[in-house]
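Only one structure is covered here, and it is reproduced in the block below.
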There are 2 protein chains.
Amino acid sequence: MNQESSAKPLKKSQLTRKMILDVAAALFSSRGYNATPLREIAAAANMKAGSLYYHFDSKEALMLEILNIGIEGIAESVKHQIACLPEGAGFSQQLEAAMVGHLKAILESGDYASTNIRNYGQVPERVREESMPVRDRYEEIWRNILENGKQEGAIADHVNIGLLRLTLFGGMNWATEWYRPEGLTIEEIAAGQAQLFLQGLSQN
Amino acid sequence: MNQESSAKPLKKSQLTRKMILDVAAALFSSRGYNATPLREIAAAANMKAGSLYYHFDSKEALMLEILNIGIEGIAESVKHQIACLPEGAGFSQQLEAAMVGHLKAILESGDYASTNIRNYGQVPERVREESMPVRDRYEEIWRNILENGKQEGAIADHVNIGLLRLTLFGGMNWATEWYRPEGLTIEEIAAGQAQLFLQGLSQN
DNA sequence: GTCTATAAGGCGATAGAC
DNA sequence: GTCTATCGCCTTATAGAC
């Protein structure tokens with residue numbers, strides 16, 4: 001059905017395309033969408049700016065694809081961590097696994113994932129709208145985990161799980177602003193934040 | 001020593017200056033620093049772009065002033081909420097008061113404050129460096145609250161208060177991305193988030 | 001203090017050679 | 001597929017009239 005089933009007719013073109021996406025994601029993530037000219041992306045990919053248009057229709061189309069790859073990468077990372085749990089794992093283990101998956105994706109493997117977090121607010125509205133379905137699908141994973149936690153009784157009745165989800169996202173996503181490889185490891189951050197949310201600050 | 005001690009010779013100029021800061025803060029906050037041309041700022045202030053240079057040396061200088069006003073506004077709001085507490089208020093009351101102050105500043109009164117949060121990462125490095133001392137002074141307030149909490153025993157020994165502070169900031173600041181006036185009120189958000197961090201998710 | 005006019009350069013995007 | 005060349009527009013910033 002797709003090109004992988006036959007030989008490899010246009011493989012080289014796909015490779016260049018991938019390289020452009022990679023360098024663009026790195027530049028968008030660190031410098032921002034509006035502050036990154038196409039000329040720099042092209043230079044980083046050893047090309048001239050005009051050549052990019054053979055692979056992408058516009059700067060916006062390039063950005064949209066990076067955003068979508070990023071969210072899907074985060075979703076896969078979260079699903080993978082949950083799948084690695086022993087059978088019958090409870091809510092608190094699921095929450096910590098999901099947090100590890102999210103944090104790993106945005107801090108470690110990350111240019112596509114972190115572009116998502118750091119550039120979403122500064123991207124043209126059209127791009128934001130078009131990437132919404134993919135974002136919604138990712139948030140659905142978290143809604144399910146938290147709703148299960150409430151039904152299990154692991155989350156107190158008075159907790160607003162909508163607010164909880166947004167606060168969890170904020171706490172984790174903000175790490176893209178302060179994380180440094182020489183500081184806390186990703187596992188330490190995930191464990192610390194999970195404990196913070198699960199147990200609160202008090203002694204017991 | 002300054003102009004306020006004498007009559008009011010250049011008051012009108014100061015007023016225009018303030019107007020430019022106001023409209024620029026609103027535009028930077030909603031659309032972003034790099035995506036907001038000086039022409040739009042000028043138009044919103046009923047002027048032409050060139051006239052802005054009578055009041056500010058450059059776009060960067062304008063942004064720097066907005067960022068600093070923003071942080072100082074957040075700091076004042078936090079200090080005010082804490083000052084309103086009854087004498088001898090404990091850590092949990094102080095934390096909730098500080099959170100109310102921070103959230104009110106960034107969500108309610110906020111173009112200067114929210115410009116800070118939403119644009120810090122996309123601003124030229126020079127501007128970021130110059131605004132660092134003001135930011136550090138604000139963070140000092142939080143470090144003090146949390147260290148007191150630890151000494152009081154209100155924060156468990158195992159909690160990393162550096163990570164706690166960053167996670168609190170993340171949870172609160174992220175609200176600039178999802179807050180809508182028709183949803184939860186600022187007081188509800190602050191109370192909900194304070195409870196989340198103080199008590200955790202469990203039933204007790 | 002604000003205007004008009006313009007400098008000097010950057011931007012995304014396109015056309016056509018190779 | 002990538003290049004060169006360029007279009008048309010936008011940008012920050014400046015100079016000088018009013």
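Per chain, numbering begins at 1; letters A, B, ... match sequence-line order.
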Considering only distance and modelled atom types, tabulate donor-acceptor pairs under 3.5 Å from the side chains of residues 70-78 of chain A, sequence neighbours left out.
residue: Ser77(A); atom: OG; partner: Gly101(A); partner atom: O; Å: 2.7

Compile the donor-acceptor pairs under 3.5 Å between side chains in residues 15-22 of chain B and protein atoms, sequence neighbours left out, one pair per line.
residue: Thr16(B); atom: OG1; partner: Lys12(B); partner atom: O; Å: 3.1
residue: Arg17(B); atom: NH1; partner: His55(B); partner atom: O; Å: 3.0
residue: Arg17(B); atom: NH2; partner: Glu65(B); partner atom: OE1; Å: 2.5
residue: Arg17(B); atom: NH2; partner: Glu65(B); partner atom: OE2; Å: 2.6
residue: Lys18(B); atom: NZ; partner: Asp22(B); partner atom: OD1; Å: 3.4
residue: Lys18(B); atom: NZ; partner: Asp22(B); partner atom: OD2; Å: 3.2
residue: Asp22(B); atom: OD1; partner: Tyr112(B); partner atom: OH; Å: 2.5

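Under the side-chain contact (heavy atoms from CB on, under 4.5 Å) criterion, Ala175(A) pairs with Leu103(A), Leu107(A), Trp178(A), sequence neighbours left out. With sequence neighbours excluded, the residues that form a ring-ring contact (aromatic ring centres under 6.0 Å, His included) with Phe169(B) are His102(B), Trp142(B). Applying the salt bridge (Lys or Arg N to Asp or Glu O under 4.0 Å) rule to Glu130(A) yields no partners; only residues at least two apart in sequence or on another chain are considered. In this structure Glu140(B) satisfies the salt bridge (Lys or Arg N to Asp or Glu O under 4.0 Å) test together with Arg143(B), sequence neighbours excluded. Ala43(B) pairs by the side-chain contact (heavy atoms from CB on, under 4.5 Å) definition with nothing, not counting sequence neighbours.
Scanning residues 56-64 of chain B for heavy-atom distances under 4.0 Å to DNA chain C yields an empty list. For the contact set between residues 123-131 of chain B and DNA chain D, defined by any heavy atom under 4.0 Å, there are no members. Of the residues in residues 28-51 of chain B, those placing a heavy atom less than 4.0 Å from an atom of DNA chain D are Thr36(B), Pro37(B), Leu38(B), Arg39(B), Gly50(B), in numerical order.
Annotation: cation-pi pair Lys59(A)/Tyr33(A) present, NZ/CZ under 6.0 Å from the ring centroid and within 45° of its normal.
When the side-chain nitrogen and oxygen atoms of Ser13(B) are compared with OP1 and OP2 of dT2(C), none of them lie within a distance under 4.0 Å. Close to dA13(D), at under 4.0 Å from its OP1 or OP2, lies a side-chain N or O of Tyr53(B).
In this entry the distance linking CG of Leu52(A) with P of dA13(C) reads 10 Å, nearest Å.
Here salt bridge (Lys or Arg N to Asp or Glu O under 4.0 Å) pairs that include residues 47-56 of chain B, with residues two or more places apart or in two chains, number zero. Applying the salt bridge (Lys or Arg N to Asp or Glu O under 4.0 Å) test to every pair with at least one member in residues 172-192 of chain A, sequence neighbours left out, gives these pairs: Lys104(A)-Glu187(A), Arg118(A)-Glu177(A).
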